[in-house]
Amino acid sequence: KESFEINTQRDWISGRLSYLDQPLGLVVEDVNRYRNIPIRIGDKALQEIPVTMSLRVDQTDQFISGLEATQPIRAEHDSHGVTLLPKDRD
């Protein structure tokens with residue numbers, strides 16, 4: 001864990017965000033600091049999904065597509081931002 005924390009600090013200095021098994025709610029909160037258009041979690045059940053990911057701070061749209069590709073999540077885009085929802089929700 002210590003080496004991950006050191007790498008996380010190094011990543012942050014170089015403009016990267018890295019997460020190891022962090023709850024989606026915390027990751028979204030962090031990523032939103034680097035976005036003009038916010039990401040919202042539309043279902044509380046998604047808050048605790050563990051996320052392991054590394055991205056550049058200028059690639060937050062790729063964060064959303066990465067979640068859709070690797071998690072049971074879909075993103076709905078509207079004029080107010082992006083809402084993350086379970087894939088099986090209609």
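Throughout, numbering of the chain's residues begins at 1 and tracks the sequence.
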Flag the pair Pro86 / Leu46 as yes when at least one side-chain heavy-atom distance between them is below 4.5 Å, and no otherwise.
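Answer yes - side chains close enough.
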Would you indicate whether the side-chain heavy atoms of Val27 and Leu17 approach each other to under 4.5 Å?
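Not in contact.
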Per-pair distances, 0.1 Å, donor-acceptor, side chain in residues 65-72, under 3.5 Å, sequence neighbours excluded:
{"from": "Ser65", "atom 1": "OG", "to": "Gln62", "atom 2": "O", "distance (Å)": "3.1"}
{"from": "Glu68", "atom 1": "OE2", "to": "Ala75", "atom 2": "N", "distance (Å)": "2.8"}
{"from": "Thr70", "atom 1": "OG1", "to": "Gly66", "atom 2": "O", "distance (Å)": "2.8"}

Q: With rounding to the nearest 0.5 Å, note down the distance linking CZ in Arg16 to CZ in Arg56.
A: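 Here the rounded value is 7.0 Å.
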Worksheet entry | Check: Gln22 side chain, Leu20 main-chain N or O, donor-acceptor pair, under 3.5 Å |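 Indeed, once roles are kept as given, a pair shorter than 3.5 Å links the two residues.
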query: How would you list, by chain and number, every residue that makes a side chain to side chain contact (heavy atoms under 4.5 Å, CB included) with Asn32, sequence neighbours excluded?
result: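 Partners of Asn32 by the side chain to side chain contact (heavy atoms under 4.5 Å, CB included) criterion, ordered by chain and then number, come out as Val28, Arg35, Pro38, Ile39.
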Checklist line | Atom of Phe63, atom of Leu24 and distance for their closest heavy-atom approach | finding: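 The pair with the smallest heavy-atom distance is CZ-CD1, 4.3 Å.
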Checklist entry - If you take all heavy atoms of Val82 and His77, which pair is closest and at what distance? => result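 Reported closest heavy-atom pair: CG2-ND1, 3.3 Å.
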Test: salt bridge (charged side-chain N to carboxylate O under 4.0 Å, His left out). Region: residues 21-30. Which pairs qualify, not counting sequence neighbours?
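Pairs touching residues 21-30 that pass the test: Asp30-Arg33.
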Asn36: which residues meet the side chain to side chain donor-acceptor pair (under 3.5 Å) condition with it, sequence neighbours left out?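 With sequence neighbours excluded, Asn36 shows a side chain to side chain donor-acceptor pair (under 3.5 Å) to no residue whatsoever.
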| message | List the residues meeting side chain to side chain donor-acceptor pair (under 3.5 Å) with Arg40, not counting sequence neighbours, and say none if there are none. | response |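 In terms of side chain to side chain donor-acceptor pair (under 3.5 Å), with neighbours along the sequence ignored, Arg40 is linked to Thr83.
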Does the side-chain contact (heavy atoms from CB on, under 4.5 Å) test come out yes or no for Leu55 and Tyr34, once each step is laid out? CA-CA 12 Å; Leu55 65 142; Tyr34 300 93; over 6 Å; no
